[in-house]
Every structure is written in structure tokens, then in C-alpha cells.
Amino acid sequence: MVAPFPLAKLLTLVMRQTAKPVAKGIKSLARKNAVFRKYICVLPAQTYHWMEMSVKMRFLGHKGIPEIKQLNERSAVELGAEALGEAIVLSICMALICVEFRRGKLKEAKKEKARIDEKVALKRQVEELGIKIDTLSAEFKGNTNKSSLQKLANVEQTK
């Protein structure tokens, strides 16, 4: 028996492979710009590192707030650039999914409107045919009722 295709794994791999060039560009920008390096790369990376280590320590059973050493700047820039690159790629993927979802909803709404319009047109046609049948039936019996003829004339005028 063949195992199902691991689509989630493939999508994760594609996202990571796409994020690598973005992260490389962010790293080179961080090397050139001190403000970008300090506030965009290092600060979020240090925060992430602190949160990750705190959670790990609590899972290991340590009580209280442990003393966590900060990452060196090079590691922090690398971690921050990787995280920012993945966040950018993830944001783009999410935006594309939202756009595709909205497009699908609009397409479905358009189909539903077409079905409703067709249903209304068919109801109108059935009513017109009913009036014509009544009129022809009245004429056939020799009872030419003016109101039936008038309804038929009104139907013919609305076309």
C-alpha cells in the first residue's frame, strides 16, 4: 500500500527553500545597516531565544525564572534574519491564500446569482404560459372574457 503524499511536508520544504534567499538578503542588509541589525534582527531574535529557553527550562522542571544568556550578535543576526525571512514568505503565502479564497467566493456568488436569475426567468415564463393557456382555453370554449384577453395583451407588451 502506498503512503499518502506528504503535502504539508512538501509545502513546508518549499516555504523554507523560498525563505533562504530572503534571509540571505536580510543578513547582508543587517551587516550594512546598524539600526536594522539592532532593532529588526537582533532584538526579535534575542526575545525569541529568551522565550524558547524559558519554555524549555519549565518543561525540564526548573522553578522560577532562570538566568538565560543572550546570543552573541552574529547568532542573533542569523536567527533574526531566518525568522524574518520565513515571516515574509509566510505572509506572502497567507495573502495569496486569502486572495484565492476571496476569488473563489466571488465566483461562487456569481454562479448563485446566475442560478437565481434563471429561476426567476423560468417562473416568469411559466406564469406567462399559464395566462396564455387560460386565454386560449377561454377562447376555445367560446367564452371570450375581456379580462383574460387583457392579461394576454399585457403579457405580450411586457416582452
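Any value given below was found using the heavy atoms of this structure, including those in side chains, with hydrogens, waters and symmetry copies removed.
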**Study point:** side chain to side chain contact (heavy atoms under 4.5 Å, CB included) partners for Arg103, two or more places apart
**Key:** Glu100
Practice item. To the nearest 0.5 Å, tell me how far Leu122 CG sits from Glu127 CD. Key: 11.5 Å
Check your understanding: With side chains defined as the heavy atoms from C-beta onward, is the minimum distance between Gln46 and Leu71 less than 4.5 Å?
Key -> yes
Check your understanding: Among Glu112, Lys119, Lys113, whose side-chain contact (heavy atoms from CB on, under 4.5 Å) with Arg115 holds?
Key -> Glu112
Point to revise | Residue pair Ile26 / Ile88, side-chain heavy-atom distance below 4.5 Å | key: yes
Table please: side-chain donor-acceptor pairs of residues 72-80 below 3.5 Å, with sequence neighbours left out.
| from | atom 1 | to | atom 2 | distance (Å) |
| --- | --- | --- | --- | --- |
| Asn72 | OD1 | Ser75 | N | 2.8 |
| Asn72 | OD1 | Ser75 | OG | 2.7 |
| Glu73 | OE2 | Arg37 | NE | 2.7 |

Exercise for review: Say whether, by atom type as modelled, one donor and one acceptor occur between the side chain of His49 and the main chain of Lys69 under 3.5 angstrom.
Suggested key: yes
Practice item. Measure the spacing between SG of Cys98 and CZ of Arg102 and express it to the nearest 0.5 Å. Key: 10.5 Å
**Study point:** Distance (rounded to the nearest 0.5 Å) between His62 NE2 and Lys56 NZ
**Key:** 12.0 Å
Practice item. Please say whether more than 12 non-hydrogen atoms of neighbouring residues, nucleotides or ligands are located less than 6.0 Å from CD in Glu52. Key: yes
**Study point:** Chi angles and distances behind the side chain to side chain contact (heavy atoms under 4.5 Å, CB included) call for Leu90, Met94
**Key:** CA-CA 6 Å; Leu90 182 65; Met94 288 173 48; 3.9 Å; yes
Review point. Looking at residues at least two apart in the chain, or sitting in another chain, which of them share a side chain to side chain donor-acceptor pair (under 3.5 Å) with Lys107?
Key: none
Point to revise | ILVMFWY cluster, Leu29 and Leu84 together (side-chain gap under 4.5 Å) | key: yes
**Study point:** Common cluster, Ile40/Leu43, ILVMFWY with side-chain heavy-atom separation under 4.5 Å
**Key:** no
Practice item. Verify the neighbour count for atom CZ of Phe36: are there more than 12 heavy atoms of other residues, nucleotides or ligands below 6.0 Å? Key: yes
